[in-house]
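To start, the structure itself, in C-alpha coordinates.
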Amino acid sequence: MDAPLNRTVPGAQSVARAARLLRLVTSGGAEGMAVAELARRAELTRPTTHRLLTALRHEGLVDHDEKTGRWMPGPELFLMGTVAASRYDITAVARDIVRSLAVRTEESAFLSVRRGDETVCLLREEGSFPIRSFVLSEGVRFPLGVASAGLAILSFLPRHDVDAYFERHPHLATEWGASHSEPRLRARLRETQERGYAVNPGLIVEGSYGIGAAVFTREGHPQWALSLTGVQFRFGAERLPELGRTLLAHAHQLTTRIAASR
(Lines give C-alpha, C1' and ligand atoms only; values in the text may rest on other atoms or scores of the structure.)
Protein backbone atom coordinates (compact mmCIF):
# COMPACT_ATOMS: atom_id res chain seq x y z
CA MET A 1 0.00 0.00 0.00
CA ASP A 2 2.83 2.42 0.85
CA ALA A 3 5.30 1.17 -1.78
CA PRO A 4 4.48 3.79 -4.47
CA LEU A 5 4.79 6.58 -1.91
CA ASN A 6 8.12 5.23 -0.68
CA ARG A 7 9.49 5.23 -4.22
CA THR A 8 8.37 8.74 -5.16
CA VAL A 9 8.72 10.84 -2.00
CA PRO A 10 12.28 11.40 -0.72
CA GLY A 11 12.68 10.21 2.85
CA ALA A 12 9.30 8.45 2.94
CA GLN A 13 10.86 5.07 3.71
CA SER A 14 12.71 6.42 6.75
CA VAL A 15 9.56 8.16 8.00
CA ALA A 16 7.54 4.95 7.53
CA ARG A 17 10.14 2.94 9.45
CA ALA A 18 10.24 5.47 12.27
CA ALA A 19 6.44 5.55 12.44
CA ARG A 20 6.34 1.77 12.58
CA LEU A 21 8.79 1.79 15.50
CA LEU A 22 6.75 4.44 17.31
CA ARG A 23 3.63 2.30 17.01
CA LEU A 24 5.51 -0.74 18.28
CA VAL A 25 7.01 1.16 21.21
CA THR A 26 3.60 2.48 22.27
CA SER A 27 2.14 -1.03 21.99
CA GLY A 28 4.63 -2.10 24.67
CA GLY A 29 2.98 0.30 27.15
CA ALA A 30 4.72 1.43 30.32
CA GLU A 31 6.94 -1.67 30.39
CA GLY A 32 8.48 -0.81 27.05
CA MET A 33 10.08 -3.17 24.57
CA ALA A 34 13.60 -4.46 23.96
CA VAL A 35 15.45 -3.41 20.81
CA ALA A 36 15.74 -7.01 19.59
CA GLU A 37 11.97 -7.45 19.76
CA LEU A 38 11.39 -4.10 18.08
CA ALA A 39 13.77 -5.03 15.27
CA ARG A 40 12.06 -8.39 14.77
CA ARG A 41 8.55 -6.95 14.67
CA ALA A 42 9.54 -4.04 12.44
CA GLU A 43 11.47 -6.40 10.14
CA LEU A 44 14.58 -4.25 10.41
CA THR A 45 18.17 -5.03 11.28
CA ARG A 46 19.15 -4.34 14.86
CA PRO A 47 21.64 -1.56 13.93
CA THR A 48 19.00 0.21 11.81
CA THR A 49 16.46 -0.13 14.61
CA HIS A 50 18.87 1.26 17.18
CA ARG A 51 19.82 4.17 14.90
CA LEU A 52 16.19 5.15 14.35
CA LEU A 53 15.34 4.79 18.05
CA THR A 54 18.29 6.98 18.98
CA ALA A 55 17.09 9.69 16.58
CA LEU A 56 13.55 9.44 17.98
CA ARG A 57 14.91 9.66 21.51
CA HIS A 58 16.82 12.83 20.61
CA GLU A 59 13.47 14.36 19.57
CA GLY A 60 11.79 13.20 22.79
CA LEU A 61 9.45 10.81 20.97
CA VAL A 62 10.77 7.71 22.73
CA ASP A 63 12.63 7.15 25.98
CA HIS A 64 15.21 4.55 27.01
CA ASP A 65 15.50 2.84 30.38
CA GLU A 66 19.22 2.50 30.99
CA LYS A 67 18.69 -0.24 33.62
CA THR A 68 16.46 -2.56 31.62
CA GLY A 69 17.50 -1.48 28.12
CA ARG A 70 13.87 -1.21 27.09
CA TRP A 71 12.35 1.51 24.93
CA MET A 72 9.10 3.26 25.81
CA PRO A 73 7.00 6.27 24.72
CA GLY A 74 8.64 9.65 25.25
CA PRO A 75 7.36 12.94 26.67
CA GLU A 76 6.81 14.59 23.27
CA LEU A 77 4.27 11.90 22.39
CA PHE A 78 2.26 12.89 25.45
CA LEU A 79 2.32 16.57 24.46
CA MET A 80 1.34 15.78 20.88
CA GLY A 81 -1.39 13.48 22.09
CA THR A 82 -2.99 16.10 24.30
CA VAL A 83 -3.26 18.44 21.31
CA ALA A 84 -4.66 15.74 18.99
CA ALA A 85 -7.07 14.51 21.65
CA SER A 86 -9.41 17.46 21.18
CA ARG A 87 -10.13 16.23 17.66
CA TYR A 88 -9.80 12.46 17.83
CA ASP A 89 -10.30 11.33 21.43
CA ILE A 90 -13.73 10.05 22.39
CA THR A 91 -12.69 8.55 25.73
CA ALA A 92 -14.34 11.37 27.67
CA VAL A 93 -17.77 10.64 26.16
CA ALA A 94 -17.24 6.87 26.24
CA ARG A 95 -15.78 6.24 29.69
CA ASP A 96 -19.05 5.93 31.60
CA ILE A 97 -20.48 3.64 28.91
CA VAL A 98 -17.46 1.34 29.10
CA ARG A 99 -17.76 1.35 32.90
CA SER A 100 -21.48 0.56 32.69
CA LEU A 101 -20.74 -2.34 30.35
CA ALA A 102 -18.24 -3.79 32.82
CA VAL A 103 -20.65 -3.37 35.74
CA ARG A 104 -23.61 -4.89 33.91
CA THR A 105 -21.69 -7.95 32.65
CA GLU A 106 -19.04 -8.32 35.40
CA GLU A 107 -16.50 -8.86 32.57
CA SER A 108 -13.62 -6.63 31.47
CA ALA A 109 -14.86 -4.03 28.98
CA PHE A 110 -12.88 -2.12 26.36
CA LEU A 111 -13.04 0.69 23.83
CA SER A 112 -10.88 0.35 20.73
CA VAL A 113 -10.39 2.63 17.73
CA ARG A 114 -9.53 1.81 14.16
CA ARG A 115 -6.17 3.15 13.00
CA GLY A 116 -5.53 2.10 9.42
CA ASP A 117 -5.47 -1.69 9.28
CA GLU A 118 -5.30 -2.10 13.06
CA THR A 119 -7.32 -1.50 16.19
CA VAL A 120 -5.81 0.21 19.22
CA CYS A 121 -7.27 -0.21 22.71
CA LEU A 122 -8.09 3.17 24.27
CA LEU A 123 -9.91 2.22 27.48
CA ARG A 124 -10.07 -0.80 29.76
CA GLU A 125 -12.52 -1.20 32.64
CA GLU A 126 -12.18 -4.23 34.90
CA GLY A 127 -15.23 -6.33 35.65
CA SER A 128 -16.02 -7.63 39.12
CA PHE A 129 -15.65 -11.31 38.23
CA PRO A 130 -12.39 -12.43 39.89
CA ILE A 131 -11.04 -14.54 36.99
CA ARG A 132 -10.01 -12.26 34.12
CA SER A 133 -8.39 -12.29 30.71
CA PHE A 134 -5.42 -10.01 30.14
CA VAL A 135 -5.14 -10.22 26.35
CA LEU A 136 -6.08 -6.57 25.91
CA SER A 137 -5.03 -3.35 27.63
CA GLU A 138 -4.58 0.32 26.72
CA GLY A 139 -2.25 0.78 23.76
CA VAL A 140 -2.37 -2.82 22.55
CA ARG A 141 -2.80 -3.17 18.79
CA PHE A 142 -4.23 -5.99 16.70
CA PRO A 143 -4.79 -6.29 12.96
CA LEU A 144 -8.39 -5.91 11.85
CA GLY A 145 -10.10 -9.28 12.01
CA VAL A 146 -7.86 -10.76 14.70
CA ALA A 147 -9.46 -9.68 17.99
CA SER A 148 -13.22 -9.27 18.46
CA ALA A 149 -13.07 -5.46 18.21
CA GLY A 150 -11.23 -5.57 14.89
CA LEU A 151 -13.47 -8.32 13.59
CA ALA A 152 -16.55 -6.24 14.40
CA ILE A 153 -15.14 -3.20 12.58
CA LEU A 154 -13.98 -5.20 9.54
CA SER A 155 -17.40 -6.87 9.27
CA PHE A 156 -19.17 -3.57 8.64
CA LEU A 157 -16.68 -1.97 6.24
CA PRO A 158 -17.72 -1.71 2.58
CA ARG A 159 -17.01 -4.89 0.63
CA HIS A 160 -14.32 -3.28 -1.55
CA ASP A 161 -12.48 -2.15 1.59
CA VAL A 162 -12.60 -5.69 2.98
CA ASP A 163 -11.28 -7.12 -0.29
CA ALA A 164 -8.46 -4.56 -0.34
CA TYR A 165 -7.60 -5.40 3.27
CA PHE A 166 -7.13 -9.08 2.46
CA GLU A 167 -5.01 -8.17 -0.57
CA ARG A 168 -2.72 -6.13 1.67
CA HIS A 169 -2.47 -8.82 4.34
CA PRO A 170 -2.10 -12.25 2.71
CA HIS A 171 -0.13 -13.69 5.64
CA LEU A 172 -2.59 -13.35 8.53
CA ALA A 173 -2.82 -17.13 8.88
CA THR A 174 0.96 -17.44 9.06
CA GLU A 175 1.21 -14.80 11.77
CA TRP A 176 -1.96 -15.56 13.78
CA GLY A 177 -2.80 -19.18 13.02
CA ALA A 178 -4.91 -21.12 10.53
CA SER A 179 -8.14 -19.79 12.03
CA HIS A 180 -7.21 -16.42 10.52
CA SER A 181 -6.99 -17.62 6.92
CA GLU A 182 -9.02 -15.52 4.50
CA PRO A 183 -11.81 -18.12 3.95
CA ARG A 184 -12.31 -18.67 7.68
CA LEU A 185 -12.15 -14.97 8.45
CA ARG A 186 -14.69 -14.20 5.73
CA ALA A 187 -17.01 -16.81 7.26
CA ARG A 188 -16.71 -15.06 10.63
CA LEU A 189 -17.40 -11.72 8.97
CA ARG A 190 -20.69 -13.09 7.62
CA GLU A 191 -21.58 -14.54 11.03
CA THR A 192 -20.84 -11.17 12.66
CA GLN A 193 -23.06 -9.32 10.19
CA GLU A 194 -25.91 -11.75 10.88
CA ARG A 195 -25.46 -11.73 14.66
CA GLY A 196 -24.62 -8.05 15.01
CA TYR A 197 -21.52 -8.65 17.15
CA ALA A 198 -18.25 -10.54 16.70
CA VAL A 199 -17.15 -13.57 18.71
CA ASN A 200 -13.54 -14.56 19.33
CA PRO A 201 -13.67 -18.09 20.81
CA GLY A 202 -10.17 -18.25 22.26
CA LEU A 203 -8.38 -17.75 18.95
CA ILE A 204 -5.62 -15.51 20.34
CA VAL A 205 -5.13 -17.08 23.77
CA GLU A 206 -6.69 -20.46 24.48
CA GLY A 207 -9.57 -20.18 26.94
CA SER A 208 -9.82 -16.38 26.62
CA TYR A 209 -13.08 -15.41 24.89
CA GLY A 210 -14.12 -12.04 23.56
CA ILE A 211 -17.08 -10.39 21.85
CA GLY A 212 -17.08 -7.03 20.08
CA ALA A 213 -19.59 -4.60 18.58
CA ALA A 214 -18.85 -1.79 16.13
CA VAL A 215 -19.44 1.85 17.02
CA PHE A 216 -20.18 4.12 14.07
CA THR A 217 -19.48 7.70 13.04
CA ARG A 218 -22.34 10.05 12.24
CA GLU A 219 -21.83 9.09 8.57
CA GLY A 220 -22.22 5.39 9.37
CA HIS A 221 -18.58 4.27 9.21
CA PRO A 222 -17.36 1.69 11.78
CA GLN A 223 -14.57 3.61 13.49
CA TRP A 224 -14.58 2.22 17.04
CA ALA A 225 -15.65 -0.92 18.87
CA LEU A 226 -16.75 -1.92 22.35
CA SER A 227 -15.70 -5.36 23.48
CA LEU A 228 -15.81 -7.77 26.41
CA THR A 229 -13.27 -10.42 27.33
CA GLY A 230 -13.27 -13.17 29.91
CA VAL A 231 -12.69 -16.85 30.52
CA GLN A 232 -14.37 -19.45 28.34
CA PHE A 233 -17.02 -20.76 30.72
CA ARG A 234 -18.38 -17.21 31.18
CA PHE A 235 -19.18 -17.02 27.44
CA GLY A 236 -21.17 -20.22 27.08
CA ALA A 237 -24.13 -20.75 24.76
CA GLU A 238 -26.68 -19.88 27.43
CA ARG A 239 -25.09 -16.58 28.47
CA LEU A 240 -23.63 -15.39 25.17
CA PRO A 241 -26.87 -13.98 23.68
CA GLU A 242 -27.49 -11.95 26.84
CA LEU A 243 -23.94 -10.57 26.75
CA GLY A 244 -24.38 -9.78 23.06
CA ARG A 245 -27.61 -7.85 23.62
CA THR A 246 -26.02 -5.83 26.43
CA LEU A 247 -22.95 -5.12 24.31
CA LEU A 248 -25.02 -4.01 21.30
CA ALA A 249 -27.16 -1.74 23.47
CA HIS A 250 -24.07 0.00 24.84
CA ALA A 251 -22.52 0.27 21.37
CA HIS A 252 -25.72 1.88 20.05
CA GLN A 253 -25.74 4.28 22.99
CA LEU A 254 -22.15 5.32 22.26
CA THR A 255 -22.83 5.69 18.52
CA THR A 256 -25.78 7.98 19.32
CA ARG A 257 -23.73 10.01 21.77
CA ILE A 258 -20.87 10.48 19.31
CA ALA A 259 -23.25 11.66 16.60
CA ALA A 260 -24.76 14.20 18.98
CA SER A 261 -21.39 15.52 20.15
CA ARG A 262 -19.81 16.17 16.76
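All residue numbers refer to positions in the sequence shown, counting from 1. Computation of the quantities below employed the complete heavy-atom set of this structure, encompassing side-chain atoms and omitting hydrogens, waters and symmetry-equivalent molecules.
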Measure from the side-chain N and O atoms of [X] to the backbone N and O of [Y], and report whether any donor-acceptor pair falls under 3.5 Å.
| X | Y | value |
| --- | --- | --- |
| Arg20 | Arg41 | yes |
| Tyr165 | Leu144 | yes |
| Arg114 | Gly116 | yes |
| Arg188 | Ser179 | yes |
| Arg115 | Val120 | no |

Over all heavy atoms of both residues, which pair between [X] and [Y] is shortest? Give the atoms and the distance, please.
| X | Y | answer |
| --- | --- | --- |
| Ala214 | Phe156 | CB-CD1, 4.2 Å |
| Ile258 | Val215 | CD1-CG1, 3.7 Å |
| Thr192 | Ala152 | CG2-CA, 4.3 Å |
| Glu59 | Glu76 | O-CG, 3.2 Å |
| Leu52 | Ala18 | CD1-N, 4.5 Å |
| Val162 | Arg186 | CG1-NH1, 4.0 Å |

Look up atom [atom1] in [X] and atom [atom2] in [Y], then write down how far apart they are to the nearest 0.5 Å.
| X | Y | atom1 | atom2 | result |
| --- | --- | --- | --- | --- |
| Leu228 | Glu125 | CG | CD | 12.0 Å |
| Leu111 | Leu254 | CG | CG | 6.5 Å |
| Ser112 | Leu122 | OG | CG | 6.5 Å |

Would Trp224 and Phe216 count as a close aromatic pair, with their ring centres under 6.0 Å?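 Between Phe216 and Trp224, which both carry aromatic rings, the centre distance is not below 6.0 Å.
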Is there a side-chain contact between Asp96 and Arg257 (heavy atoms, below 4.5 Å)? yes
Hey, does Leu240 have a side-chain heavy atom less than 4.5 Å from the side chain of Tyr209? no
Which is it for Leu247 and Leu226 under the side-chain contact (heavy atoms from CB on, under 4.5 Å) test, yes or no, and what are the steps along the way? CA-CA 7 Å; Leu247 178 64; Leu226 292 177; 3.8 Å; yes
Checking side-chain contact (heavy atoms from CB on, under 4.5 Å) for the pair Leu151/Leu185: CA distance, chi angles, key distance, verdict? CA-CA 9 Å; Leu151 184 60; Leu185 264 179; 4.1 Å; yes
For Phe235, which residues count as a ring-ring contact (aromatic ring centres under 6.0 Å, His included) partner, sequence neighbours excluded?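 Phe235: no ring-ring contact (aromatic ring centres under 6.0 Å, His included) contacts found.
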Could you note down all residue pairs passing side chain to side chain donor-acceptor pair (under 3.5 Å) where residues 246-256 supplies at least one of them, sequence neighbours left out? Ser100-His250
Pairs touching residues 139-158 that satisfy side chain to side chain donor-acceptor pair (under 3.5 Å), sequence neighbours left out: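 Passing the test, one end in residues 139-158: Glu118-Arg141.
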Are Glu126 and Arg124 close enough, and set up right, to give a salt bridge (charged side-chain N to carboxylate O under 4.0 Å, His left out), and what steps lead you there? CA-CA 7 Å; Glu126 298 289 0; Arg124 174 184 178 120; 2.8 Å; yes
Is the terminal nitrogen or CZ of Arg195 (NZ for Lys, CZ for Arg) located under 6.0 angstrom from the six-membered ring centre of Tyr197 and within 45° of that ring's axis? yes
For Thr45, what residues pass the side chain to side chain donor-acceptor pair (under 3.5 Å) criterion, not counting sequence neighbours? Thr48
Arg239: what forms a salt bridge (charged side-chain N to carboxylate O under 4.0 Å, His left out) with it, not counting sequence neighbours? Glu107
Which ring pair (Phe, Tyr, Trp, His ring centres under 6.0 Å) pairs, counting each pair once, include a residue from residues 12-65, with sequence neighbours left out? His64-Trp71
Please assess Val25 against Leu53 for the test side-chain contact (heavy atoms from CB on, under 4.5 Å), listing each intermediate value before the final yes or no. CA-CA 10 Å; Val25 168; Leu53 288 170; 4.2 Å; yes
Side chains of Gln223 and Thr217: is there a donor and an acceptor less than 3.5 Å apart? no
